[in-house]
Amino acid sequence: MWRRALRLTLSVVMLAAAVLVGTVATAGTAQADSCYTWNRTLSQGASGADVTQLQIRVAGYPGYGAVLAIDGQYGPATEAAVKRFQSAYGLSADGVAGPDTFSKIYQLQDADCSPAHFSFGELNRCNSTWGGGNVSAATAKENAKRAMWRLEALRHALGDKPITVTSGFRSKACNDAVGGASGSRHLYGDAADLGSGPHSLCTLAKRARYHGFNGILGPGYPGHNDHTHLDHRSSRYWSASRCGI
C-alpha cells in the first residue's frame with residue numbers, strides 16, 4: 001500500500017517538475033502574432049525580410065533629424081532605433097531585438113499590421129481602394145502603414161494622449177477638391193495632417209523632429225496655421241516659423 005502511495009507521490013512530483021521545466025523553457029518566448037511573427041533574435045549584422053518588418057515598427061525612433069532606412073539591413077542606425085524603442089517602453093535597451101522587444105511590438109499592433117492607436121481608415125478618408133494617387137494603391141497603403149508607426153512613436157513620446165489625423169492619403173481627385181499642391185505627399189500616402197487637441201500644433205511639429213519625418217510644415221508656413229503636416233519626402237524640409245522651426 002505504502003509503495004503505491006510512494007509511486008503516486010513521485011508521479012505527481014515528476015509531472016509538476018515537467019510543467020515547471022516547460023514553463024521555464026518557454027518563458028520570454030514571444031508567441032505568434034496574427035499580423036507578423038518574428039522567429040529569431042535580431043542584432044547587428046542580420047538581414048532579411050524580418051529585419052525590414054522590425055525597421056518599419058521602430059522607424060519612429062531614429063533620433064533628432066534622422067530617418068531610419070527601411071532596407072532589411074540591421075546596422076548601427078537600426079540598433080540605435082531599437083535601443084530608443086526599448087527605452088521608451090521600459091525594456092532593457094541593448095539594441096538586440098528578442099522576445100521582449102517583439103512581445104511589446106505584438107501588443108502595439110493590430111491584426112492588419114497598423115499600430116494600436118491609428119487605423120487605415122484614419123489615414124484614408126478619400127476612398128476605399130487607395131487608388132488614384134501618384135503611386136499604386138498597394139504602395140500608398142504601405143506608405144500609410146509606415147507613417148502610422150512613426151505617428152505611434154510620436155504619440156507615445158507625448159504621453160500617449162490622442163493625436164487627431166485630419167487628412168491622410170488623397171487621390172488626385174480628392175487632392176484637387178481640397179486645393180492640395182500638385183506634388184502633395186498626400187498623393188503618395190506618406191503624409192498626415194494633424195489637428196490640435198491635447199497638444200498644440202507647435203508641440204506636434206517640434207516633437208515630430210525626433211520621429212523620422214523629413215517633411216514638417218506647421219503654423220507660420222502658408223496654409224498651415226490650422227494644422228501640422230508631416231510626411232516622408234526624400235529630403236528634409238521643415239518650416240513652422242511660429243513654432244521656431
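Remember, predicted model here, so these are calculated numbers, not experimental data.
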Distance-only donor-acceptor check, side chains Gln107 and Lys104, under 3.5 Å: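 The criterion, which ignores hydrogens and geometry beyond distance, is satisfied for Lys104 and Gln107.
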Distance-only side-chain donor-acceptor flag, Asp112 / Ser114, under 3.5 Å: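 There is such a pair between these side chains.
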Pairing residues for Gln44 by the side-chain hydrogen bond (donor to acceptor under 3.5 Å, both in side chains) criterion, not counting sequence neighbours: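 For Gln44 the side-chain hydrogen bond (donor to acceptor under 3.5 Å, both in side chains) partners, ignoring immediate neighbours, are Glu79.
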Atom [atom1] of [X] and atom [atom2] of [Y]: how far apart are they, to the nearest 0.5 Å?
X      : Y      : atom1 : atom2 : answer
His211 : Arg84  : NE2   : CZ    : 10.5 Å
Arg207 : Leu158 : CZ    : CG    : 6.5 Å
Gln86  : Tyr61  : CD    : OH    : 11.5 Å
Arg146 : Lys141 : CZ    : NZ    : 14.5 Å
Leu217 : Asn225 : CG    : CG    : 11.5 Å
Ile216 : Ile245 : CD1   : CD1   : 6.0 Å

Any residue meeting salt bridge (Lys or Arg N to Asp or Glu O under 4.0 Å) with Arg150, in chain and number order, not counting sequence neighbours: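 With sequence neighbours excluded, Arg150 shows a salt bridge (Lys or Arg N to Asp or Glu O under 4.0 Å) to no residue whatsoever.
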Does some side-chain heavy atom of [Y] sit less than 4.5 Å from a side-chain heavy atom of [X]?
X      : Y      : result
Ile105 : Leu54  : yes
Tyr210 : Leu154 : no
Gln73  : Val51  : no
Asp176 : Arg170 : no
Ser184 : Asn175 : yes
Leu201 : Thr203 : no
Thr228 : Pro219 : yes
Tyr237 : Ser239 : yes

If Ile, Leu, Val, Met, Phe, Trp and Tyr residues are connected whenever their side-chain heavy atoms lie under 4.5 Å apart, and connections chain through other members, are [X] and [Y] in the same group?
X     : Y     : value
Leu68 : Tyr89 : yes
Val96 : Phe85 : no
Val67 : Ile70 : no

Asp110 and Phe118: CA distance, side-chain angles, deciding distance, side chain to side chain contact (heavy atoms under 4.5 Å, CB included) verdict: CA-CA 10 Å; Asp110 292 330; Phe118 296 92; over 6 Å; no
Check ion pair Arg40-Asp50 (N to O, under 4.0 angstrom):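 Looking at Arg40 and Asp50, the cut-off is met.
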Ion pair Asp160/Arg155, N-O distance below 4.0 Å: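 Here Asp160 pairs with Arg155 in a salt bridge, since their nearest N and O are under 4.0 Å apart.
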Taking every non-hydrogen atom, the tightest pair across [X] and [Y]:
X      : Y      : result
Asp231 : Ala191 : CB-CB, 3.8 Å
Thr41  : Pro99  : OG1-CD, 4.1 Å
Tyr106 : Thr37  : OH-CA, 3.3 Å
Gln53  : Lys145 : OE1-NZ, 4.3 Å
Leu123 : Ala144 : CB-CB, 4.2 Å
Pro115 : Glu152 : CB-OE1, 3.5 Å

Charged tip of Arg209 within 45° of Phe213 ring normal and under 6.0 Å: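 Cation-pi check for Arg209 and Phe213: fails.
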Any pair counted as ring pair (Phe, Tyr, Trp, His ring centres under 6.0 Å), so long as it reaches residues 172-194, sequence neighbours left out: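 Listed once each, the pairs are His186-His229.
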From CA spacing to verdict: side chain to side chain contact (heavy atoms under 4.5 Å, CB included), Val165, Leu151: CA-CA 10 Å; Val165 178; Leu151 288 172; 4.3 Å; yes
Side-chain donor/acceptor of Thr166 to backbone N/O of Asp193, under 3.5 Å: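 Confirmed, Thr166 side chain pairs with Asp193 backbone.
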Plane angle bin for Trp38 and Tyr36 - parallel if under 30°, tilted between 30 and 60°, otherwise perpendicular: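 Ring orientation, 0 to 90° scale: perpendicular.
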Residue pair Asp33, Phe102: steps toward the side chain to side chain contact (heavy atoms under 4.5 Å, CB included) verdict: CA-CA 10 Å; Asp33 183 77; Phe102 297 138; over 6 Å; no
Residue pairs, two or more places apart or on separate chains, that pass disulfide bond (SG atoms under 2.5 Å apart) and touch residues 34-103: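 For residues 34-103, and leaving out neighbouring residues, the disulfide bond (SG atoms under 2.5 Å apart) pairs sorted by first residue read Cys35-Cys113.
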Qualifying residues under side-chain contact (heavy atoms from CB on, under 4.5 Å), relative to Asn127, sequence neighbours excluded: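 Only Asn124, Thr129, Phe169, Ser171 meet the side-chain contact (heavy atoms from CB on, under 4.5 Å) criterion with Asn127.
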Intermediate values then yes/no, side chain to side chain contact (heavy atoms under 4.5 Å, CB included), Thr164 and Glu122: CA-CA 9 Å; Thr164 301; Glu122 277 183 282; over 6 Å; no
Test ring-ring contact (aromatic ring centres under 6.0 Å, His included) applied to His227 - qualifying residues, sequence neighbours left out: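 For His227 the ring-ring contact (aromatic ring centres under 6.0 Å, His included) partners, ignoring immediate neighbours, are His224.
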